[in-house]
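One-based numbering along the sequence shown.
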Amino acid sequence: MSLPDSRSAAPCCAPRGHGSRTLKRAFDVLASALGLLLLGPLLLGVALWVKADSPGPVFFRQLRVGRGGVLFRIHKFRTMQLGAEGLGQLTVGKDARVTGAGRLLRKTKLDELPQLIDVLLGDMSVVGPRPEVPKYVALYPAEVRDIVLSVRPGITDWASIRMIDENEILGAAADPEAAYRDEILPQKLDFYLRYAQTHSLMEDVQIIMATLLRIVLR
């Protein structure tokens, strides 16, 4: 597993100014509140569809690692059969556990929209490194982990855009778990590390626009 070398990167990661953090948080609160308000009818429609499509709750609540290593439960629309996580936390290719509604929700990324709740609560940001489950965060080198977890995790980031077809890549691997650990995770960490060191509000806007464009053109 070839992970980013934080020894040369760490000195570049000076703490963000208080004003910068305040501006980012203000943007998150405004964007998430406005998003929940404007997308309310869509969110309600999707929730009803998820509920009617298969037995189980509307939301999938999974433990993720947030800023400073604090654990929180993420909000996503449920896209898998009830109890699917017991068979593994990775979604691989045309996973049989994915529901009918879940296939479209995953393709369009609509399953991620409830994370606006997590942004409003302060557990996440609109833009930031994607929050991982504890078992994969445990693989981060200590110095890299400290830098990546110095910012709130986000709904989208450069890794999400560049690696949007991750499921298909894992589906073609002989050992999906090893492929994720040894090939995909190191690439993600490189994006996470760079974002944590250099992020700005302008970059956040660029990432949001690039995410929307990637979804539309997919």
Side-chain angles (χ1 to χ4, degrees), residues 24 27-51 53-54 56-67 71-81 84-85 89-92 95 97-133 136-137 151-170 180 184-185 188 191-192 195 199 204-218:
K24 182 173 175 64
F27 175 81
D28 284 340
V29 171
L30 179 61
S32 58
L34 191 61
L36 288 169
L37 180 63
L38 295 178
L39 297 174
L42 173 62
L43 294 172
L44 178 59
V46 172
L48 292 174
W49 184 25
V50 170
K51 194 66 178 176
D53 182 64
S54 63
V58 168
F59 292 124
F60 172 62
R61 305 294 310 280
Q62 187 183 51
L63 203 63
R64 300 290 178 99
V65 181
R67 186 174 67 170
L71 299 177
F72 72 99
R73 289 196 176 275
I74 199 170
H75 287 82
K76 298 179 73 171
F77 281 125
R78 181 177 57 81
T79 60
M80 286 190 168
Q81 302 291 344
E85 191 177 8
Q89 293 181 315
L90 290 178
T91 306
V92 180
D95 200 310
R97 298 172 297 170
V98 178
T99 65
R103 282 191 288 274
L104 181 59
L105 294 179
R106 282 173 172 267
K107 183 176 179 60
T108 58
K109 298 297 181 180
L110 287 174
D111 62 316
E112 309 281 1
L113 287 180
Q115 288 163 52
L116 289 170
I117 298 171
D118 300 311
V119 175
L120 194 60
L121 292 174
D123 291 323
M124 292 181 63
S125 179
V126 175
V127 179
R130 287 294 297 157
E132 281 282 8
V133 295
Y136 293 122
V137 173
V151 296
R152 285 187 178 90
I155 297 176
T156 186
D157 70 331
W158 289 125
S160 300
I161 298 167
R162 306 286 169 78
M163 307 178 75
I164 197 169
D165 295 319
E166 176 186 318
N167 288 351
E168 286 71 19
I169 296 172
L170 292 176
Y180 185 81
I184 292 178
L185 186 59
K188 285 185 172 183
F191 283 114
Y192 297 167
Y195 177 83
H199 69 89
D204 284 3
V205 173
Q206 291 174 339
I207 291 173
I208 291 169
M209 298 306 295
T211 300
L212 294 175
L213 184 63
R214 187 78 166 89
I215 292 172
V216 169
L217 296 179
R218 195 175 181 207

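Nearest heavy atoms, Pro131 versus Gly154: CD-O, 3.6 Å. A pairwise comparison of heavy atoms in Val58 and Val50 identifies O-CG1, 3.8 Å as the closest pair. Across all non-hydrogen atoms, the minimal contact from Gln81 to Ser54 is OE1-CB, 4.1 Å. Taking both residues in full, the closest heavy atoms of Gly102 and Thr99 are given as N-OG1, 2.9 Å, listed atom of the first, atom of the second, then distance. Nearest heavy atoms, Val126 versus Ala31: CG2-CB, 4.1 Å.
When atom types are taken as modelled, the side chain of Arg214 and the backbone of Ile161 share a donor-acceptor pair closer than 3.5 angstrom. A donor-acceptor pair is defined here as one N or O able to donate and one able to accept, closer than 3.5 Å; such a pair exists between the side chain of Arg61 and the backbone of Ile74. Within the 3.5 Å criterion, the main-chain N or O of Phe59 finds no donor-acceptor partner in the side chain of Arg78. With Asp204 contributing its side chain and Val127 its backbone, the two residues share no donor-acceptor pair below 3.5 Å. For Lys24 (side chain) and His199 (main-chain N/O), no donor-acceptor pair under 3.5 Å exists by modelled atom type. Side chain of Ser125 to main chain of Gly128: no donor-acceptor pair is present (N/O by atom type, distance under 3.5 Å, no hydrogens or angles). In this structure, Arg152 contributes its side chain and Pro129 its backbone to no donor-acceptor pair below 3.5 Å.
Listed by first and then second residue, the salt bridge (Lys or Arg N to Asp or Glu O under 4.0 Å) pairs involving residues 113-133 are Glu112-Arg130 (not counting sequence neighbours).
Side-chain contact, Lys188 with Tyr180: a donor N or O sits under 3.5 Å from an acceptor N or O. Remark: the Asp111 side chain and the Thr79 side chain contain no N/O donor-acceptor pair separated by less than 3.5 Å.
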Side chains of residues 33-46: which donor-acceptor pairs under 3.5 Å do they make with residues two or more places apart or in other chains?
none

Steps toward ring pair (Phe, Tyr, Trp, His ring centres under 6.0 Å) verdict (Phe77, Phe60)
CA-CA 6 Å; Phe77 281 125; Phe60 172 62; over 10 Å; no
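Contact check for Arg64 versus Leu71: no side-chain heavy atoms found under the 4.5 Å cut-off. A 4.5 Å side-chain heavy-atom check between Lys76 and Pro114 finds every atom pair outside the cut-off.
Here Trp49 pairs with nothing under the side-chain hydrogen bond (donor to acceptor under 3.5 Å, both in side chains) rule; sequence neighbours left out.
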